[in-house]
K.L.:
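Here it is, the structure in full.
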Amino acid sequence: MPRGLGATAAALLLLGLGAALGYAPRDAVQGNVQRIMYLHVPAILTAYVAIAVVLAASIAYLGGRRAVWDRVAVAAAELAVCFIGLTLVTGSIWGKPTWGTWWTWDARLTSTAVLFVIYLGYLLLRSVVEDRERAATYAAVLGILGALDVPIIHFSVQWWRTLHQPATVLRPQAPTMDGAMLVALAVNVAAFLCTFAYLLSRRYRLLTLETEAATRAWQ
């Protein structure tokens with residue numbers, strides 16, 4: 001299963017790259033720099049999914065104290081940090097030629113940076129609390145509270161006057177994007193989600209092996 005998933009993810013990533021660079025048209029206003037959207041948007045959407053997994057696994061852990069859910073939450077949190085970081089980097093690269101600055105304390109940018117710090121803190125918390133069960137409990141609580149930032153990020157462009165453009169895909173009305181751009185974006189979102197699923201399965205497997213090795217060492 002993981003090998004098939006990995007092969008599918010690799011194929012989708014190649015297809016997404018071709019769609020972003022060859023199929024999707026050049027943006028009439030922003031030019032080719034707009035093509036970074038095919039990394040930026042899938043990265044943050046995948047981060048949202050990763051955080052949803054952290055949220056669900058954290059609730060499950062607090063409900064039953066089963067270590068399996070803690071390992072799922074940890075693996076998803078690590079990937080959430082990676083995808084949020086990619087979102088911030090690609091957004092900064094996009095912002096410089098578009099807005100004339102690498103960074104601004106815009107509502108969506110700031111709330112996304114806060115999300116990055118929260119889940120970095122999640123991983124740091126686990127490393128500083130020596131008791132494994134206490135670390136898992138504290139992290140689960142933080143993982144649940146951190147997820148509350150996701151709707152703030154999404155609706156920030158509606159709640160506050162912001163430099164960031166309003167949502168063009170995830171909104172009540174039909175997307176305003178060109179059809180070819182929308183297809184290229186959808187392919188890349190699928191590629192990122194498939195990659196996330198593959199990496200999550202591999203990281204979970206590694207955490208399980210580490211736990212089993214630590215248990216044998218104490219026996």
K.L.:
Only counting residues at least two apart or in another chain, list the ones meeting side chain to side chain contact (heavy atoms under 4.5 Å, CB included) with Ser111.
P.N.:
Asp149, Ile152, Ile153, Ser156
K.L.:
Under the 3.5 angstrom rule, does the side chain of Ser201 hit a backbone N or O of Tyr198 as a donor-acceptor pair?
P.N.:
yes
K.L.:
Assess whether atom CD of Glu130 is packed by more than 12 heavy atoms of other residues, nucleotides or ligands within 6.0 Å.
P.N.:
no
K.L.:
What's the shortest heavy-atom distance between Val141 and Leu62, and which atoms?
P.N.:
CG2-CD1, 4.3 Å
K.L.:
Indicate, with yes or no, if Ile59 and Tyr138 share a hydrophobic cluster defined by side-chain heavy-atom contacts under 4.5 Å among Ile, Leu, Val, Met, Phe, Trp and Tyr.
P.N.:
yes
K.L.:
Is there a path of hydrophobic side-chain contacts, each under 4.5 Å between heavy atoms, that joins Val150 and Trp159?
P.N.:
no
K.L.:
Any chance you could lay out the side-chain contact (heavy atoms from CB on, under 4.5 Å) test for Arg26 and Arg35, step after step, and finish with the verdict?
P.N.:
CA-CA 8 Å; Arg26 182 177 181 274; Arg35 296 184 192 276; 3.7 Å; yes
K.L.:
Could you tell me the separation between the OG1 atom of Thr46 and the CZ atom of Phe196, rounded to the nearest 0.5 Å?
P.N.:
8.0 Å
K.L.:
Tell me, yes or no, whether the heavy-atom count around Glu210 atom CD, taken from other residues, nucleotides or ligands under 6.0 Å, exceeds 12.
P.N.:
yes
K.L.:
What are the two closest heavy atoms between Pro25 and Ala180, and how far apart are they?
P.N.:
CD-CB, 3.6 Å
K.L.:
Please tell me if the side chains of Leu45 and Tyr48 come closer than 4.5 Å, counting only heavy atoms from C-beta onward.
P.N.:
yes
K.L.:
Please examine the side chains of Leu86 and His40, heavy atoms only from C-beta on, and report whether any two atoms are closer than 4.5 Å.
P.N.:
no
K.L.:
Look only at the side chain of Asn188 and the backbone of Pro42, and say whether a donor-acceptor pair between them is shorter than 3.5 Å.
P.N.:
no
K.L.:
Report the C-alpha distance between Lys96 and Val33 in whole Å, list the side-chain angles of each, state the deciding distance to 0.1 Å, and finish with yes or no for side-chain contact (heavy atoms from CB on, under 4.5 Å).
P.N.:
CA-CA 10 Å; Lys96 177 60 177 173; Val33 71; over 6 Å; no
K.L.:
Would a hydrophobic clustering, with Ile, Leu, Val, Met, Phe, Trp and Tyr connected at side-chain separations under 4.5 Å, put Leu88 with Leu124?
P.N.:
yes
K.L.:
Do the side-chain N and O atoms of Gln34 and Trp94 include a donor-acceptor pair separated by under 3.5 angstrom?
P.N.:
no
K.L.:
Go through the steps for Met37 and Gln30 under the test side-chain contact (heavy atoms from CB on, under 4.5 Å), then give the verdict.
P.N.:
CA-CA 11 Å; Met37 173 189 73; Gln30 299 181 24; over 6 Å; no
K.L.:
Looking at CG of Leu142 and OG1 of Thr137, how far apart are the two atoms once the value is rounded to the nearest 0.5 Å?
P.N.:
12.5 Å
K.L.:
Would you give the length of the straight line joining atom OG1 of Thr112 to atom NE2 of His154, rounded to the nearest 0.5 angstrom?
P.N.:
12.0 Å
K.L.:
Test Leu115 against Ile51 for side-chain contact (heavy atoms from CB on, under 4.5 Å), laying out the working first.
P.N.:
CA-CA 10 Å; Leu115 190 69; Ile51 291 168; 3.4 Å; yes
K.L.:
Is the shortest heavy-atom distance from the side chain of Val54 to the side chain of Ile144 under 4.5 Å?
P.N.:
no
K.L.:
Do Met181 and Asp27 touch side chain to side chain, with heavy atoms closer than 4.5 Å?
P.N.:
yes
K.L.:
Give the cluster check for Val81 versus Tyr204: same hydrophobic cluster or not, with ILVMFWY residues linked at side-chain heavy-atom distances below 4.5 Å.
P.N.:
yes
K.L.:
Is the closest side-chain heavy-atom distance between Val49 and Leu193 below 4.5 Å?
P.N.:
yes
K.L.:
Taking everything shown except Arg205 itself, do over 12 heavy atoms lie less than 6.0 Å from its CZ?
P.N.:
no
K.L.:
Quick check: closest heavy atoms across Ala76 and Leu200, and the distance to 0.1 Å?
P.N.:
N-CD1, 3.6 Å
K.L.:
Using a 4.5 Å cut-off on heavy atoms from C-beta on, say whether the side chain of Tyr38 contacts that of Leu21.
P.N.:
no
K.L.:
What closest approach, in Å, do Tyr122 and Ala77 show between heavy atoms, and which atom pair accounts for it?
P.N.:
CE2-CB, 3.4 Å
K.L.:
Can you tell if the side chain of Thr211 reaches within under 4.5 Å of the side chain of Arg132, non-hydrogen atoms only?
P.N.:
yes
K.L.:
Which atom names give the shortest non-hydrogen contact between Ala140 and Tyr61, and what distance separates them?
P.N.:
CB-CD2, 4.3 Å
K.L.:
How would you list all residue pairs meeting side chain to side chain donor-acceptor pair (under 3.5 Å) that involve residues 68-86, not counting sequence neighbours?
P.N.:
Asp70-Arg126, Arg71-Thr208, Glu78-Arg203
K.L.:
Which atoms form the tightest heavy-atom contact between Ile36 and Thr90, and what is the distance?
P.N.:
CD1-O, 3.5 Å
K.L.:
Over 60° means perpendicular and under 30° means parallel, so tell me whether Phe192 and Phe83 are parallel, tilted or perpendicular.
P.N.:
tilted
K.L.:
Say whether Val72 and Leu145 are linked into one hydrophobic cluster, either directly or through other cluster members, by side-chain heavy-atom distances under 4.5 angstrom.
P.N.:
yes
K.L.:
Hey, are the side chains of Thr195 and Leu199 touching, using non-hydrogen atoms and a 4.5 Å cut-off?
P.N.:
yes
K.L.:
Nearest 0.5 Å, please: how far is CG in Leu13 from OG1 in Thr8?
P.N.:
10.5 Å
K.L.:
Once you measure the plane-to-plane angle for Trp105 and Trp103, does it fall in the parallel (<30°), tilted (30-60°) or perpendicular (>60°) bin?
P.N.:
perpendicular
